[in-house]
Amino acid sequence: MADLGDTKAAMHYYLRRNRDDLIWKLDGISEREARTPRTATGNNMLGVVKHCLNVEAAYFGPTFGREFPTPQELVPLTAFDDDPQADWYAYENETKDGLIDLYRRVGTFADETIDQLPLDAPGQVPWWQPGRQDVTLARTIMHVTSDVARHAGHLDIMREQHDGAIGWQRDSTGINDDYDWPAYVDKLRKLADQFD
């Protein structure tokens with residue numbers, strides 16, 4: 001475990017933890033199930049993973065003058081001109097296992113950036129508005145951790161709706177296994193029904 005008393009180590013720990021928890025949500029899911037749209041806007045489990053890996057590659061790459069070793073595996077910024085959702089779904093030539101492997105390699109790349117630079121290292125986010133592009137490594141870690149955590153929450157909901165699998169971490173679900181969930185849901189419905 002990281003030395004959570006050290007600010008950089010703690011920030012890095014939480015980013016890695018969120019990344020691992022997000023990937024874990026695809027365990028046991030078939031290729032089709034991973035790609036199936038789960039919301040009215042087409043969110044799907046594999047698309048969330050693809051989006052997050054592209055976010056990490058971009059923020060810990062070009063922002064700090066680094067390039068991912070195999071940039072052709074990532075969604076180029078120009079792709080968004082034709083399809084604003086280009087990083088939110090797996091293409092026909094991409095697989096669940098392939099994107100998970102890519103995310104792990106992107107994670108290693110992002111971790112190298114974090115390990116090599118101090119928290120106050122300057123960076124520039126080229127796709128942000130002019131005048132707001134300057135960042136530090138610390139701000140970037142917080143920004144990306146927040147983004148990945150938010151999307152891990154999306155996967156929590158999508159996975160629970162799919163097959164009832166719950167929990168926020170592989171080794172500690174944070175859920176009481178002995179709880180009577182149907183009774184709890186019924187209680188909440190009755191409470192909600194009291195209101196217009």
Side-chain angles (χ1 to χ4, degrees), residues 1-39 41-61 63 68 73-75 85 87-90 94-115 117 119 137-179 181 184-185:
M1 181 172 212
D3 173 11
L4 299 183
D6 175 72
T7 301
K8 183 178 178 183
M11 292 168 74
H12 198 178
Y13 168 82
Y14 285 109
L15 173 60
R16 280 192 293 241
R17 188 71 187 229
N18 281 311
R19 180 191 307 141
D20 292 344
D21 294 340
L22 186 133
I23 291 171
W24 163 60
K25 286 295 177 174
L26 271 73
D27 278 5
I29 295 290
S30 74
E31 190 74 37
R32 182 179 189 284
E33 292 166 336
R35 293 168 177 267
T36 299
R38 308 269 171 194
T39 71
T41 57
N43 279 329
N44 62 87
M45 291 185 261
L46 190 54
V48 171
V49 168
K50 183 176 175 180
H51 169 74
C52 287
L53 77 85
N54 278 279
V55 164
E56 285 202 52
Y59 278 100
F60 294 109
T63 298
F68 187 67
E73 293 184 275
L74 304 172
V75 177
Q85 295 295 108
D87 68 339
W88 281 101
Y89 61 95
E94 296 172 321
T95 65
K96 181 184 88 163
D97 290 343
L99 287 173
I100 289 171
D101 174 69
L102 177 57
Y103 199 177
R104 288 193 172 111
R105 289 184 286 123
V106 164
T108 299
F109 172 77
D111 293 344
E112 290 169 358
T113 300
I114 294 167
D115 289 340
L117 299 174
L119 286 177
L137 179 64
R139 180 176 175 197
T140 303
I141 295 170
M142 289 185 293
H143 179 84
V144 173
T145 300
S146 173
D147 191 64
V148 173
R150 179 181 185 126
H151 295 311
H154 294 147
L155 279 184
D156 285 341
I157 299 296
M158 286 189 265
R159 183 66 191 257
E160 183 175 353
Q161 288 177 334
H162 169 67
D163 64 5
I166 57 175
W168 72 297
Q169 295 173 341
R170 181 188 311 266
D171 57 353
S172 174
T173 65
I175 304 296
N176 183 344
D177 293 334
D178 298 330
Y179 201 75
W181 292 109
Y184 176 69
V185 171

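All values below come from the heavy atoms of this structure, side chains included, with hydrogens, waters and symmetry mates left out.
To the nearest 0.5 angstrom, Glu73 atom CD is 8.0 Å from Asp101 atom CG. Here the straight-line distance linking atom NE2 of His154 with atom OG1 of Thr39 works out to 9.0 Å at 0.5 Å rounding. Here the straight-line distance linking atom CG of Asn43 with atom CD of Gln85 works out to 8.0 Å at 0.5 Å rounding. Between Phe68 atom CZ and Leu102 atom CG the span is 5.0 Å, to the nearest 0.5 Å.
Shortest non-hydrogen contact noted between Glu94 and Tyr89 is OE1-O, 4.0 Å. For Thr145 against Leu15, the heavy-atom pair with the smallest separation is OG1-CB, 3.3 Å. Ala110 and Arg19 make their closest contact through CB-NH2, 4.1 Å (heavy atoms, listed as atom of the first residue, atom of the second, distance). For the pair Phe60 and Thr113, the tightest heavy-atom approach, listed with the atom from each and the gap, is O-OG1, 2.7 Å. When all heavy atoms are compared, the tightest approach of Phe109 to Ala57 is CE2-O, 3.8 Å. For the pair Glu33 and Gly28, the tightest heavy-atom approach, listed with the atom from each and the gap, is OE1-O, 4.3 Å.
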For this session: Might you work through the side chain to side chain contact (heavy atoms under 4.5 Å, CB included) test for Ile157 and Arg38, ending with a clear yes or no?
Result: CA-CA 10 Å; Ile157 299 296; Arg38 308 269 171 194; over 6 Å; no

For this session: In sequence, state the C-alpha distance, the side-chain angles, and the governing distance for Tyr59 and Asp147, and then conclude on side chain to side chain contact (heavy atoms under 4.5 Å, CB included).
Result: CA-CA 11 Å; Tyr59 278 100; Asp147 191 64; over 6 Å; no

For this session: May I have the step-by-step check of side chain to side chain contact (heavy atoms under 4.5 Å, CB included) for Leu155 and Leu26, ending in yes or no?
Result: CA-CA 9 Å; Leu155 279 184; Leu26 271 73; 4.1 Å; yes

For this session: Output, in order, the C-alpha distance, side-chain angles, deciding distance and verdict of side chain to side chain contact (heavy atoms under 4.5 Å, CB included) for Ile141 and His12.
Result: CA-CA 7 Å; Ile141 295 170; His12 198 178; 5.6 Å; no

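With hydrogens and angles ignored, the 3.5 Å screen pairs a side-chain donor or acceptor of Asn54 with a backbone N or O of Val75. Judged purely by atom type and a 3.5 angstrom limit, Asn44 uses its side chain to pair as donor or acceptor with the backbone of Gly42. The closest donor-acceptor contact from the side chain of Asn18 to the backbone of Tyr14 lies under 3.5 Å. The backbone N or O of Met142 sits nowhere less than 3.5 Å from a side-chain atom of Ser146 that would complete a donor-acceptor pair. A donor-acceptor contact shorter than 3.5 Å is absent between the side chain of Lys96 and the backbone of Ala90. Although no hydrogens or angles enter the test, the distance criterion places no donor-acceptor pair under 3.5 Å between the side chain of Lys50 and the main chain of Trp88.
Between Leu99 and Leu53, some side-chain heavy-atom pair lies under the 4.5 Å cut-off. With contacts defined as side-chain heavy-atom distances shorter than 4.5 Å, the pair His151/Leu22 qualifies. Asp156 is listed as a side-chain neighbour of Lys25, based on a closest heavy-atom distance under 4.5 Å. Side-chain contact between Asp87 and His51 is present, with heavy atoms from C-beta onward closer than 4.5 Å.
Tested against Leu119 for a side chain to side chain contact (heavy atoms under 4.5 Å, CB included), the candidates Thr140, Thr7, Ile114 yield a single pass: Thr7.
Using a cut-off of 4.0 Å between Lys/Arg side-chain N and Asp/Glu carboxylate O, Asp20 and Arg16 are scored as not salt-bridged.
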